[in-house]
Amino acid sequence: MVGYAIGYFLWDTVGAWVINLYGLQDKAAKFQAGFAQYGAAIILLKGLTPIPFKLVTIASGLAKFNFGLFVLTAAITRAFRFFLIAFLLKKYGQPVQTFIEKRLTLIGTLLVVALIGGFAAVSLL
């Protein structure tokens, strides 16, 4: 929620100034429109990856994404990720912890690819 607030409140001061300085008003408007349309999916997917989630929270605030939906999707995706890791650690112990620590980026990438593939498969049906 702090990251969201940073993005939300700094847009009017720092963000708008930088956008105007570089003449990126059109790109900023496209970003906000895209995030309004796909924000929930972006939050859900990025929350499962090793990409720092604070970037997603700040981007959500910058895009002025619906705050209630932001909190809901962030809670879902972060809870899923942490409970999945906890389950794996409880079930498999130290070997899986070593595996996750060494290959976190690969695991996150494969998980996102699997999710996108699943959504694509469902949309084709």
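Heads up: numbering here begins at 1 and tracks the sequence.
In this structure, the side chains of Tyr8 and Leu62 stay at 4.5 Å or more apart for every pair of heavy atoms. Counting heavy atoms from C-beta on, the side chains of Phe53 and Thr77 come closer than 4.5 Å. Side-chain contact check for Phe67 versus Met1: some heavy-atom pair is nearer than 4.5 Å.
Less than 6.0 angstrom separates the ring centroid of Tyr4 from the ring centroid of Phe70.
For the atom pair CG (Leu84) and CG (Leu88), the distance works out to 4.5 Å, reported to the nearest 0.5 Å.
Under a hydrophobic clustering in which Ile, Leu, Val, Met, Phe, Trp and Tyr are joined whenever their side-chain heavy atoms come within less than 4.5 Å, directly or via other members, Leu45 and Phe82 fall into different clusters.
Only one option out of Val56, Thr57, Ile43 pairs with Phe65 in a side-chain contact (heavy atoms from CB on, under 4.5 Å); it is Ile43.
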